[in-house]
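This report refers to the structure that appears directly beneath it.
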Amino acid sequence: MACPERHIFPAMLVGATILAGCARDDEVSMRARLATWFSLGDTLAFASERGCAAGAFRVLDATPNAALPVETDLGAMLRALPTRGIAAVDDPDLSPDEAMRRAANAERAMGMAMRRAALEARSCMQGDLGAEFRRLLTRAETVLAYHADERAVLLLDRRNRVLVVAMGEGE
């Protein structure tokens, strides 16, 4: 269904139903995809609009499932992304923010896609969700993952067992 830009509907219920279909993602779908890579606990926060989606989830295990390739250096992550579609880097000396900067210098298209996904998700990350995303973005202990098809940046705080997901506009 195409999402209306600006239409006034005579019945608010009809308008709300149609606009709900314009959200970037929904919590159930996001959780289902994430369950491939993480053992999820409770949803801590979730928001979705037409151009973004973001969520924070408790993880039951601080280590991603085997389906998520976790590399120890950024170069290996960037090499894995084109064939696997998703990859992570766990470098204790590299924050996700710095990793995305370096990725943009090494593999411009992929690095900029990661940064763009995080930036496009800002309007979905208000309050505590946004604060947690920014905190994890600058912590070197945070595991950074990127899902190219979903345009999703995933930040895993192993110590506190929290996963924050930021999705930019879909294709």
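Quick note: numbers below take in every heavy atom, side chains included, and nothing from hydrogens, waters or symmetry partners. Everything numeric in this text was worked out from a predicted model, so none of it was measured.
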Validation row: [X], [Y] side chains within 4.5 angstrom (heavy atoms):
X      : Y      : value
Leu144 : Leu154 : no
Asp90  : Arg158 : yes
Met77  : Tyr146 : yes
His147 : Arg33  : no

[X] versus [Y], closest heavy-atom pair with distance:
X      : Y      : answer
Ala117 : Arg151 : CB-O, 3.4 Å
Ala35  : Asn65  : O-ND2, 3.5 Å
Leu156 : Ala62  : CD2-O, 3.6 Å
Glu27  : Phe46  : N-CZ, 3.3 Å
Glu120 : Gly168 : OE1-CA, 3.3 Å
Ala152 : Met167 : CB-CG, 3.7 Å

Transitive ILVMFWY cluster of Leu119 at side-chain heavy atoms under 4.5 Å: who else is in it? none
Linked hydrophobic residues, Met112 as query - side chain contacts closer than 4.5 Å: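 ILVMFWY cluster around Met112 holds nothing else.
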Any residue meeting side chain to side chain donor-acceptor pair (under 3.5 Å) with [X], in chain and number order, not counting sequence neighbours:
X      : answer
Asp91  : none
Ser29  : Asp26
Arg122 : none

Please step through side chain to side chain contact (heavy atoms under 4.5 Å, CB included) for the pair Val162 and Val59, ending with a clear verdict. CA-CA 6 Å; Val162 172; Val59 291; over 6 Å; no
Within 6.0 angstrom of Asp128 CG, more than 12 heavy atoms from elsewhere: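 Counting neighbours around CG of Asp128, 12 or fewer heavy atoms of other residues, nucleotides or ligands fall under 6.0 Å, so no.
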Path from [X] to [Y] over hydrophobic side-chain contacts below 4.5 Å:
X      : Y      : answer
Phe133 : Leu129 : yes
Leu155 : Leu163 : no
Leu34  : Val164 : no
Val165 : Met100 : no
Leu44  : Met30  : no

Pairwise disulfide bond (SG atoms under 2.5 Å apart) hits with a residue in residues 118-153, at least two apart: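 Those involving residues 118-153 are Cys52-Cys124.
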Please name all residues satisfying side chain to side chain contact (heavy atoms under 4.5 Å, CB included) with [X], sequence neighbours left out, ordered by chain then number.
X      : value
Ala80  : Glu71, Arg84, Ala87
Ala106 : Leu78
Ala67  : Thr36, Trp37
Asp61  : Ser39, Thr63

Look up atom OG1 in Thr72 and atom CG in Leu94, then write down how far apart they are to the nearest 0.5 Å.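 With rounding to 0.5 Å, OG1 (Thr72) is 11.5 Å from CG (Leu94).
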Donor-acceptor pairs under 3.5 Å, side chain of residues 135-142 to any protein atom, not counting sequence neighbours: which ones?
residue: Arg135; atom: NE; partner: Glu132; partner atom: OE1; Å: 3.1
residue: Arg135; atom: NH2; partner: Glu132; partner atom: OE2; Å: 2.8
residue: Arg135; atom: NH2; partner: Asp157; partner atom: OD2; Å: 2.6
residue: Thr138; atom: OG1; partner: Arg134; partner atom: O; Å: 3.4
residue: Thr138; atom: OG1; partner: Arg135; partner atom: O; Å: 3.2
residue: Arg139; atom: NE; partner: Glu141; partner atom: OE1; Å: 3.4
residue: Arg139; atom: NH1; partner: Asp157; partner atom: OD1; Å: 3.4
residue: Arg139; atom: NH2; partner: Glu141; partner atom: OE1; Å: 3.3
residue: Thr142; atom: OG1; partner: Leu136; partner atom: O; Å: 3.0
residue: Thr142; atom: OG1; partner: Arg139; partner atom: O; Å: 3.2

Applying side chain to side chain donor-acceptor pair (under 3.5 Å), which residue pairs with at least one partner in residues 95-111 are found, sequence neighbours left out? Asp97-Arg101, Glu98-Arg101, Glu98-Arg102
